[in-house]
Amino acid sequence: MKTEEIMQSLISFFSVAIVFLTVIAIIFFIFCKKFKFNNKNIELYGLLLNLNTTSLISISAITINYLFLVWCTISFKGMQVVYVAITLILVLISEAVIDNFKGLPLSILLTIVNCIAIQVIYMLYTYLTQDNFSYILLLVLFLLILFVFLYYTYNLFREINNIVVKNKYLKGKKQYKV
């Protein structure tokens with residue numbers, strides 16, 4: 001890919017990210033009006049509310065990485081070196097901010113697996129659209145994309161759980177191990 005195409009792709013990602021974050025903000029704004037502070041529905045909000053700044057930065061980096069991986073998957077552009085660098089930088093920021101250098105090798109390995117999965121999806125999509133169309137391969141592509149989204153979501157929740165468990169405020173609270 002040329003530099004202009006990569007820049008256009010990144011600009012389209014930022015546009016998608018801004019729209020996504022705006023929708024999330026509107027949803028939170030609407031649902032936060034219905035929360036009562038003595039209600040059990042506020043547990044997730046309370047969990048995020050009581051995190052320190054470094055944990056929130058780490059969760060933000062993980063969430064942006066998740067959104068970026070989803071965008072890379074559904075845009076069918078494949079993984080460029082720039083995209084791999086962006087996702088690795090987001091993982092490094094997430095782990096470095098909370099001083100989780102022990103979990104860094106696993107996070108980097110999972111990121112590499114994510115990038116390989118995106119490249120496999122791109123290659124399968126390219127084969128379907130340019131060479132031979134097959135309903136069986138289309139089904140395989142659909143199931144692979146579904147699996148990859150579930151895998152991204154699992155990694156997102158695993159990382160958020162690790163951050164929350166590591167947070168000092170929640171050391172004595174109920175913890176869930178993934």
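All of these numbers come straight from a predicted model, not from anything done at the bench.
- Checking side-chain atoms of Gln119 against main-chain N and O of Gly78 turns up no donor-acceptor pair under 3.5 Å.
- Counting only heavy atoms from C-beta outward, the side chains of Leu69 and Asn155 never approach each other to under 4.5 Å.
- For the ring-ring contact (aromatic ring centres under 6.0 Å, His included) test, no residue two or more places apart in sequence or in another chain qualifies with Tyr127.
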I'd like a table of donor-acceptor pairs (distance under 3.5 Å, sequence neighbours excluded) in which one partner is a side-chain atom from residues 137-153, with atom names and distances.
unit_1 : atom_1 : unit_2 : atom_2 : d
Tyr152 : OH     : Thr73  : OG1    : 2.8
Thr153 : OG1    : Tyr66  : OH     : 2.9
Thr153 : OG1    : Phe149 : O      : 2.8

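- Ser60 contributes a side-chain N or O that, together with a main-chain N or O of Leu56, makes up a donor-acceptor pair within less than 3.5 Å.
- Minimum interatomic distance between Cys72 and Ser75 (heavy atoms only, all atoms of both residues): O-OG, 3.3 Å.
- Listed here is the closest heavy atom pair of Val97 and Thr54: CG1-O, 3.1 Å.
- For the pair Ile98 and Ser55, the tightest heavy-atom approach, listed with the atom from each and the gap, is CG2-CA, 4.1 Å.
- Nearest heavy atoms, Ala61 versus Ile93: CB-CG2, 4.1 Å.
- Using cut-offs of 30° and 60° on the angle between ring planes, the pair Trp71 and Tyr83 is perpendicular.
- Under the ring-ring contact (aromatic ring centres under 6.0 Å, His included) criterion, Phe101 pairs with no residue at all, not counting sequence neighbours.
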Donor-acceptor pairs under 3.5 Å, side chain of residues 11-27 to any protein atom, not counting sequence neighbours: which ones?
unit_1 : atom_1 : unit_2 : atom_2 : d
Ser12  : OG     : Ser9   : O      : 2.7
Ser15  : OG     : Ile11  : O      : 3.0
Thr22  : OG1    : Ile18  : O      : 2.7

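- Met123 and Ile74 fall into different hydrophobic clusters, defined by Ile, Leu, Val, Met, Phe, Trp and Tyr side-chain heavy atoms under 4.5 Å apart, directly or through other members.
- For Gln8, there are no side-chain contact (heavy atoms from CB on, under 4.5 Å) partners at least two apart in sequence or on another chain.
- The shortest distance between side-chain heavy atoms of Leu90 and Ile62 does not fall below 4.5 Å.
- Cluster membership for Leu104 and Val84, using ILVMFWY side-chain heavy atoms within less than 4.5 angstrom, is shared.
- Checking side-chain atoms of Thr129 against main-chain N and O of Thr126 turns up a donor-acceptor pair under 3.5 Å.
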Show me the donor-acceptor pairs within less than 3.5 Å that the side chains of residues 105-117 make with the rest of the protein, sequence neighbours left out.
unit_1 : atom_1 : unit_2 : atom_2 : d
Ser107 : OG     : Glu95  : OE2    : 2.9
Ser107 : OG     : Gly103 : O      : 3.2
Ser107 : OG     : Glu159 : OE2    : 3.4
Thr111 : OG1    : Ser107 : O      : 2.8
Asn114 : ND2    : Leu110 : O      : 3.3

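- Neither Val91 nor Met79 shares a network with the other; the hydrophobic side chains, linked directly or stepwise wherever heavy atoms of I, L, V, M, F, W or Y lie under 4.5 Å apart, form separate groups for each.
- The closest side-chain heavy-atom distance from Leu128 to Asn132 is not below 4.5 Å.
- In this structure, the ring of Tyr122 has its center no less than 6.0 angstrom from the ring center of Phe76.
- Atom CZ of residue Phe68 and atom CD1 of residue Ile86 lie 4.0 Å apart, to the nearest 0.5 angstrom.
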